[in-house]
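Presented below is the structure to which this report refers.
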There are 2 protein chains.
Amino acid sequence: MPTIHDVARQAGVSASTVSHVINRTRHVREDTRLRVLHVMDELGYQPNRLARSLRSRRTHTFGVLLPNSANPFFAQVLLGIEAESYDCGYSTILGNANDEPDRELDYIDILLSKQVDGILLVSTGAYRQALDLLTARGIPVVMIDRSPGEEYDDFAIDTVLTENAQGGLLATRHLLALGHRRIACISGPIRLVPSARRVTGYREALAEAGVPLDEGLIVAGDFTHESGYRACRTLLARPEPPSALFVCNDLMAVGALCAIHEAGLAVPEHISVAGFDDIPLASFTVPRLTTIAQPAEEVGRRAVRLLVNRLSAPETPSRHERLPVRLVERDSCGPFRGANV
Amino acid sequence: MPTIHDVARQAGVSASTVSHVINRTRHVREDTRLRVLHVMDELGYQPNRLARSLRSRRTHTFGVLLPNSANPFFAQVLLGIEAESYDCGYSTILGNANDEPDRELDYIDILLSKQVDGILLVSTGAYRQALDLLTARGIPVVMIDRSPGEEYDDFAIDTVLTENAQGGLLATRHLLALGHRRIACISGPIRLVPSARRVTGYREALAEAGVPLDEGLIVAGDFTHESGYRACRTLLARPEPPSALFVCNDLMAVGALCAIHEAGLAVPEHISVAGFDDIPLASFTVPRLTTIAQPAEEVGRRAVRLLVNRLSAPETPSRHERLPVRLVERDSCGPFRGANV
DNA sequence: CTGAAAGCGCTAACAC
DNA sequence: GTGTTAGCGCTTTCAG
């Protein structure tokens, strides 16, 4: 591979001139500029960005840490992150924590030593340690989907969150408006803030409507198809099964749909199901899923924009974006028609 | 951030000694080793891998280029790539081509100038140009899922493919064995080799069984839910609709399931559906999807292993892995019960 | 077993 | 408008 010196020699100028042509960092006489460009082209010169980064202390690379990039919701967020990063001239190094906090921390070390310019983090649970590592280095971080809460305001970290509680509220209100009273909830892992907030919304809606809450109607899953399937079976086996389900993510809702079908019941005739996320699949389930839409891709893009902004203005106070959710009515929720089975 | 010189000074040794302690590149007296280790720990020293890479010409980073990381099949492959890379001490830079060949080529340039040690490529279609860029640089490449064909054997590129034709054969034979004769096929984009191979398997199975092929029963989708939905509607609207469907990927099969349900027909009573990929969701559709399983995650892991091997033995002749597929029988295929509708 | 010196390819400060 | 110089932080000969 030719170096910048090869180009310089060939074009009869100094390396710094070539550098300035490449980076438009100061004026170069038009004819020399063209000559340099021509030589670059001729030699097939590609700058070594490693060397450039070492010197300029900018790698134009972000680290992206996710619990699991194959989860459709995160996959969509990742799509937004990658797309916006590309548009802004950044590359993305991807790391999956696989829900193992240790792995998350290990990745943070790796990313830091690779000198990434910033990190986009959906933390698996090691909030405190992760943020300690990060802020010790003073590297910009945007936390996505999950935040450590107000206690961490001093960390000056940007966040992009969605209105989880509002989503739980909207979904449950919708079910109530359809006449349902025994509304169950399949939650995500309780330790996760977004999941907890969705359940909060659910509780609020019930309280608002004066419907007493049967705690046995809340069962926890872990955001996978399988867990939604199992939780739903548990619910159906109860002496007084619910007539509607608010499921805290679409993956589990799909599992629930499957369990209901296998139990010989119909959606929405016997049971209504509302999900959360509006993953692309949700438009094609049987029946099509009514759900709370989160702008996943936009979440990713916003996060990147925050990061890019912070790099150009490091001293800005931390910014917290909260994106709205909305109810998408499809075919999985119907009016209450009396206790089933 | 402390540098290796800070550590050296503090420990009273030379930088090269510290380097050797870190990289175990030659023996160091036990007590000095411990002292160095201690100082490193004390200062919270983290090597700057940029500098290291510039010098050693190894970045321990792979580039991963996919058509779309949110497609569940690729998402699963990516999971395998990321996991195995991590296990082997590599990071992964992710790039989505979004089915735009130009973007794929642009990403290749970026990855090369970031000096990645190798590239894992699921090409969007710019095979020839992509490989030209890559081989000109002599950088190791593993092509996944799609290969340019025998004509490119001189490029000495490793590949990991799956038995696509065999999959088409197995699925169609299964449908035939259930008594179906009018079996339609929803293919992927014709220009893509894997899709074409699956259709080849489908044709072979029909020929094998002496069932004449009605070309009108083959309709092309583009591997998305939506296209499967539309293709299925087209098929159902035909004067003599098929009694079974072989759909070239699960995403489209899900779309087909939805279309069939909306047409008031039942699976598998009226129509049988077989998919391809066995994405995680396939176990939870309504009804559960019979499909051809590809070991997606393993595909990713194998690809990384090939790359790692090649880095340690660059002169090895190119290796081509072909992973087997298998039929997973679930609930979406049933015996032929006479013409439907 | 250890140290000194050179240099990976680039950019930035300073001269002219 | 252009060139010279130094050096980012590390590894790797080469000496000892």
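Order of the sequence lines fixes the chain letters, A, B, ..., with proteins taken first and strands second; residue numbering starts at 1 for each chain. Note that these values count all heavy atoms, side chains included, but never hydrogens, waters or copies made by symmetry.
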(request) Select from A/D31 and B/H5 the residue whose nearest nucleotide in DNA chain D is closer to the 5' end of that strand. (result) A/D31
(message) Given C/dC10, C/dA12, C/dA13, identify the nucleotide with an atom nearest to the side chain of A/R26.
(response) C/dA13
(message) Below the 4.0 Å mark, does D/dT11 have OP1 or OP2 next to a side-chain nitrogen or oxygen of B/R52?
(response) yes
(message) Assess, by modelled atom type and distance only, whether the side chains of A/T59 and A/K114 contain a donor and an acceptor separated by less than 3.5 Å.
(response) no
(message) OP1 or OP2 of C/dC8 versus the side-chain N and O atoms of A/T3: is any pair under 4.0 Å?
(response) no
(message) Taking the minimum atom-to-atom distance to the side chain of B/R55, which one of C/dG9, D/dC10, D/dT4 wins?
(response) D/dC10
(message) With a 4.0 Å cutoff (strictly under), does any side-chain N or O of B/S56 reach OP1 or OP2 of D/dT11?
(response) no
(message) A cation-pi test, strictly: NZ or CZ of B/R146 under 6.0 Å from the centre of the six-membered ring of B/Y127 and no more than 45 degrees from its axis. Yes or no?
(response) no
(message) So B/Q115 and A/N48, do their side chains get closer than 4.5 Å, heavy atoms only?
(response) yes
(request) Taking the six-membered ring for Trp and the single ring otherwise, decide whether the centroids of A/F73 and A/F223 are under 6.0 Å apart. (result) no
(request) Tell me what B/T17 touches on the nucleic acid: a base, only sugar-phosphate, or nothing, going by heavy atoms under 4.0 Å. (result) sugar-phosphate
(message) Base of D/dT2, side chain of A/R29 - is there a donor-acceptor contact under 3.5 Å?
(response) no
(request) Please state how far atom CG in A/L50 lies from atom C1' in D/dC8, giving the value in whole angstrom units. (result) 12 Å
(request) Quick one: label B/R57 by what it contacts on the DNA or RNA (base, sugar-phosphate, nothing), any heavy atom closer than 4.0 Å. (result) sugar-phosphate
(message) Counting the atoms with a prime plus P, OP1 and OP2 as sugar-phosphate, which does B/T25 contact under 4.0 Å by heavy atoms, base, sugar-phosphate, or nothing?
(response) nothing
(request) Just compare C/dT11, D/dC10, D/dG3 and give me whichever is closest to any side-chain atom of A/S16. (result) D/dG3
(request) Hey, which sits more toward the 5' end of DNA chain D by its nearest nucleotide, A/A15 or A/H27? (result) A/H27
(request) Kindly say if A/N23 contacts the phosphate of C/dT11, meaning a side-chain N or O under 4.0 Å from OP1 or OP2. (result) yes
